[in-house]
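Okay, structure first, notes after.
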Amino acid sequence: MAIILFGGIGKRLGSKIPKQFLKIRDRYLMEYTIEKFYSLRTVDKVLVVSNKNWMKKTREILKDKNIEIIEGGNSREESTYKALKYISNFAESDDIILIHDGVRPFVSERIINENISLARKFGAVITVVPSENTMVISRDGRKLDAVPKRDLLYIVQTPQSFKFGLIYNAFKKEEKNLSYYTDDASILKAQGMEIYFVEGSKLNIKITTKEDLIIAEQLCSMQF
Ligand SMILES: Nc1ccn([C@@H]2O[C@H](COP(=O)(O)OP(=O)(O)OP(=O)(O)O)[C@@H](O)[C@H]2O)c(=O)n1
Ligand SMILES: C[C@](O)(CO)[C@H](O)COP(=O)(O)O
């Protein structure tokens, strides 16, 4: 099952409407992402988590698809938790759950299928790419405090995929601290679970700011 997260409002993009409802080449951004999962035989179900103020628009866009839609929460992790609670009514503990940022429309079939196969093998996986830039730590955002060794650094993408029982129990244990986390796997890691890697792609961008939208428009003109 794929949980696709569209519960945000895109503050950092600064557009009047949430970025997932922007159109690129006459298709809603959310349609690009959903299609990547909906078209795969390896994905049995798609659950869309949308923003509570945009449920009607979401239903209208997805009216011709067999997709369940629920309301998100006030943070990405709260939206994920709402989705996990919803599927706890029918999911088995060993079912594979993929959790994906809806604003990553260029995820590939290879990444999705590797998430499924490696989550089945290891129980918990995240999609990553190795850092090609030196990255630094700064506490005040003005000066450099530390330089981690670059070859130890990976940039985390999504999907993040898990055996349902593992991720649901981890969220239940941390339900009061979800706003501390910015992804799903780190909640499991904080409880001592090993998290394995799936090779991502530099094309699997997250559309967060205006620059990302320019890149997305270029990628769409090449891919579709
Ligand atoms: N309460 C929230 C916040 C975010 N998301 C989703 O999580 C993904 C990654 O979040 P981000 O890129 O931060 O999206 P926004 O939260 O919309 O952006 P911003 O932080 O700029 O408002 C997005 O697909 C977003 O829709 C969500 O489902 N529920
Ligand atoms: C989950 C994520 O995409 C991993 O890099 C990222 O943390 C999401 O961050 P956002 O601020 O919710 O976009």
Side-chain angles (χ1 to χ4, degrees), residues 2-22 24 28-37 46-55 57-58 61-62 67-87 97-107 111-112 115 124-131 133 135 153-162 167 170-171 174-175 178-190 195-213 215-216:
I3 297 173
I4 309 181
L5 298 170
F6 293 107
I9 56 168
K11 293 187 290 297
R12 288 169 287 180
L13 184 70
S15 78
K16 288 191 182 54
I17 59 169
K19 52 197 173 182
Q20 54 268 36
F21 296 104
L22 293 176
I24 299 181
Y28 291 104
L29 199 152
M30 78 163 30
E31 292 181 279
Y32 288 97
T33 314
I34 289 170
E35 195 53 40
K36 295 294 176 70
F37 293 84
V46 173
L47 173 65
V48 161
V49 182
S50 191
N51 183 284
K52 61 181 181 303
N53 299 320
W54 290 82
M55 295 298 285
K57 183 67 179 173
T58 305
I61 294 169
L62 302 178
I67 286 178
E68 295 174 60
I69 304 167
I70 65 166
E71 260 185 42
N74 296 326
S75 71
R76 183 188 183 283
E77 298 326 300
E78 281 182 29
S79 290
T80 300
Y81 193 29
K82 290 184 87 166
L84 294 172
K85 282 183 193 168
Y86 178 82
I87 61 178
I97 309 297
L98 297 94
I99 303 169
H100 187 63
D101 296 331
V103 292
R104 289 184 188 270
F106 304 108
V107 62
I111 290 175
I112 294 170
N115 264 263
V125 296
I126 54 171
T127 304
V128 299
V129 290
S131 178
N133 298 292
M135 297 178 83
L153 298 180
Y154 293 79
I155 296 170
V156 179
Q157 303 178 340
T158 66
Q160 305 198 349
S161 304
F162 313 91
I167 192 68
F171 265 74
E174 278 292 278
E175 66 180 7
L178 293 181
S179 56
Y180 172 76
Y181 299 92
T182 55
D183 79 325
D184 313 305
S186 45
I187 297 173
L188 252 181
K189 182 63 186 172
I195 313 290
Y196 287 84
F197 284 174
V198 171
E199 184 186 348
S201 163
K202 285 165 71 172
L203 296 179
N204 185 23
I205 65 166
K206 178 163 68 79
I207 299 173
T208 305
T209 61
K210 283 193 173 54
E211 291 88 347
D212 302 318
L213 206 49
I215 296 168

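For this chain, numbers begin at 1 and follow the sequence in order. Because only heavy atoms are used, hydrogens play no part in the values below, and waters and symmetry mates are left out as well, while side chains stay in. When a ligand or atom number is given, it counts from 1 through the structure's own listing order.
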Relative to each other, are the rings of W54 and F21 parallel, tilted or perpendicular (30° and 60° limits)?
parallel

Please evaluate residues E211 and T209 with respect to the criterion side-chain hydrogen bond (donor to acceptor under 3.5 Å, both in side chains), reporting the C-alpha separation (whole Å), side-chain torsions for both, the decisive distance (0.1 Å), and the verdict.
CA-CA 5 Å; E211 291 88 347; T209 61; 3.0 Å; yes

For the residue pair D101 and T158, what are the closest heavy atoms and their distance?
N-OG1, 3.0 Å

Backbone of [Y] reached by a side-chain donor or acceptor of [X] within 3.5 Å:
{"X": "Q160", "Y": "A185", "answer": "yes"}
{"X": "E31", "Y": "I61", "answer": "no"}
{"X": "R104", "Y": "N204", "answer": "yes"}
{"X": "K36", "Y": "P105", "answer": "yes"}

For ligand 2, the residues whose heavy atoms come within less than 4.0 Å (ordered by chain, then number)
R12, R76, D101, R104, V156, T158, T182, D183, K206

Evaluate side-chain contact (heavy atoms from CB on, under 4.5 Å) for E77 paired with F171, printing each intermediate quantity in order.
CA-CA 9 Å; E77 298 326 300; F171 265 74; 3.6 Å; yes

Just checking, K82 and Y86: is the charged tip under 6.0 Å from the six-membered ring centre and within 45° of the axis?
no

If the criterion is any heavy atom closer than 4.0 Å to an atom of ligand 1, which residues make the list?
L5, F6, G7, G8, I9, G10, K11, R12, K19, G73, N74, S75, R76, S79, D101, G102, V103, K206

